[in-house]
Amino acid sequence: MPEVMILPGLIDVHVHLRDPGQTEKEDFTTGTMAALAGGFTTVCDMPNNAEPIFSAELLANKRQLAAQKTVADIGFHYGSLGDNIDTFEEAAKHSIGLKLYLNNTTGGYTLDVEHLKEIYAAWPKEQVVLLHTEEDTIDVAIASLDGLKRPVHVCHMPSKEVLQKIIAAKAKGIPVTCGVTPHHLFLNETDRETLGVYGQMKPPLKTKEDQAFLWAHLDDIDIFESDHAPHTRQQKEEGAFGVPNLETTLPLLLKARQEGKITLEQIIDKCYTTPAKLFNLPTDESTHVEVTMQPYTIKNEDLLTRCGWSPFDGWEVPGKVTKVVLRGETVFENGQVLAAPGSGNVLG
Ligand code: DOR
Ligand code: ZN
């Protein structure tokens, strides 16, 4: 009998489930089905929808849709271009954090950094502000944090340069945390050549040296975040940024564990304990995930994400989520989602 490991219900604070507006890529049901299949019972969805979540009404509408469609627990990050500060008080009551883009990516909602200070001051200081920064914006991002007494999380560490700057900021006592995605840990720019458009995302894949630096400094990286960013194949061919990851994050991390690059304790810390703590997310003793340690090959056709492809298609991984129990109910078993749409909790 293969070994069965019991893990807590994992938490992914960085996903793009595209609902409403771009449900040809994903929706709340398919996205949270993919989450369960990957061992995640809580996800936090980003605001860069076709119509970005910049008003309390749009947030309320999104929450209502999710309440009818989600099969896992879900919370939402709010968005801003600096011109909706009067909506923050109401929106924050129903948000997990506030996401700001300092670089161009899907949707093109790049914030003018002039607004950063005002936004930090207006968003409730017990809630996290999440930043999308890259090599060209990390300095201005870190400068904006000086003297700040509020949590800020810098998403998806892509490179040695960015991570080194975060490590230096932490050493100065700046209350900043950071995350890393599976694609930046498991792929590099050489894979970009073989994957073509399917290896395209923001921040882009970097060098082997950058990748090695991320692995060597896992202790400086607070959390794993999938940045699950589904697009149809046609949209990818047309240049869309992003890759799905909810179903591949845990199996890939188990492969790294098998190779001695990470421990199970580190996986649980960065996919559960620390995200729950940083983002004030509820956890439940009667929620758990069972992983059967039996090797399998990741295949596009087996994925539950609506986009139906993965940059990790063909990768051999050592273990698979075979059962998920959410608050005492079996919601996923042997590849089948058993939960009804609307059965997950909407957080915040
Ligand atoms: O590759 C990415 N895709 N990076 C982002 O920052 C956004 C995401 C998306 O929404 O497609
Ligand atoms: Zn993202």
Side-chain angles (χ1 to χ4, degrees), residues 11-28 30-31 34-35 40 43-54 62 74-81 96-111 128-138 141 153-159 162 178-187 189 191-192 195-206 223-246 248-249 275 279 305-307 309-312:
I11 298 173
D12 187 347
V13 301
H14 189 155
V15 303
H16 302 262
L17 300 191
R18 311 304 193 193
D19 206 349
Q22 292 169 318
T23 52
E24 78 284 1
K25 301 176 197 273
E26 193 80 287
D27 69 18
F28 286 133
T30 58
F40 291 90
V43 294
C44 300
D45 183 54
M46 288 294 170
N48 64 331
N49 287 73
E51 190 174 4
I53 310 304
F54 292 162
K62 199 181 195 188
I74 185 165
F76 296 99
H77 299 306
Y78 195 56
S80 181
L81 286 175
I96 303 301
L98 176 71
K99 175 71 182 287
L100 304 173
Y101 293 91
L102 304 193
N103 290 80
N104 180 43
T105 182
T106 307
Y109 311 116
T110 312
L111 174 74
V128 179
V129 173
L130 301 93
L131 299 181
H132 178 127
T133 66
E134 299 188 20
E135 287 72 14
D136 58 336
T137 50
I138 187 67
H153 176 79
V154 181
C155 298
H156 38 51
M157 293 293 100
S159 61
V162 173
C178 67
V180 69
T181 68
H183 41 277
H184 292 109
L185 280 177
F186 291 90
L187 302 173
E189 61 188 15
D191 301 294
R192 169 80 172 82
L195 289 166
V197 290
Y198 296 95
Q200 179 167 299
M201 73 292 288
K202 290 279 278 170
L205 297 173
K206 297 290 156 66
I223 63 165
F224 294 134
E225 52 192 64
S226 78
D227 201 359
H228 177 82
H231 297 279
T232 66
R233 287 173 189 270
Q234 191 187 329
Q235 291 159 349
K236 288 302 283 179
E237 301 290 343
E238 290 163 2
F241 298 119
V243 294
N245 250 329
L246 274 167
T248 42
T249 300
F279 291 83
T305 175
R306 180 163 287 153
C307 74
W309 60 272
S310 162
F312 300 105

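Note that ligands are numbered from 1 as they come in the structure, with each ligand's atoms numbered from 1 the same way. Predicted, not measured: the structure shown is a model, and the values here were computed from it.
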side-chain hydrogen bond (donor to acceptor under 3.5 Å, both in side chains) partners of Asp27, counting only residues at least two apart: Thr30, Arg306
Tell me yes or no: between the side chains of Asp227 and Thr181, is some donor less than 3.5 Å from an acceptor? no
Mind checking whether Pro311 and Leu187 have side chains closer than 4.5 Å, heavy atoms only? yes
Set of residues that line ligand 1, where lining means a heavy atom lies under 4.0 Å from it: His16, Arg18, Asn48, Thr105, Thr106, His132, Met201, Lys202, Asp227, Ala229, His231, Phe241, Gly242
Checking side chain to side chain donor-acceptor pair (under 3.5 Å) against His231, which of Glu237, Lys236, Lys25, Glu24 comes through? Lys25
Once the angle between the rings of His156 and His14 is folded into 0 to 90°, is it parallel (under 30°), tilted (30 to 60°) or perpendicular (over 60°)? tilted
With His228 via side-chain hydrogen bond (donor to acceptor under 3.5 Å, both in side chains) - residues at least two apart: Glu26
Rounded to the nearest 0.5 Å, the CD atom of Gln22 sits from the OG1 atom of Thr232 at a distance of 10.0 Å
Only protein N/O/S atoms count here: give how many lie under 2.8 Å from the Zn ion (ligand 2). 3
Give a yes or no answer on whether the side chain of Asn49 reaches the backbone of Pro20 with a donor-acceptor pair at less than 3.5 Å. yes
Give me the ring orientation class for Tyr101 and His132: parallel if the planes are under 30° apart, tilted from 30 to 60°, perpendicular past 60°. tilted
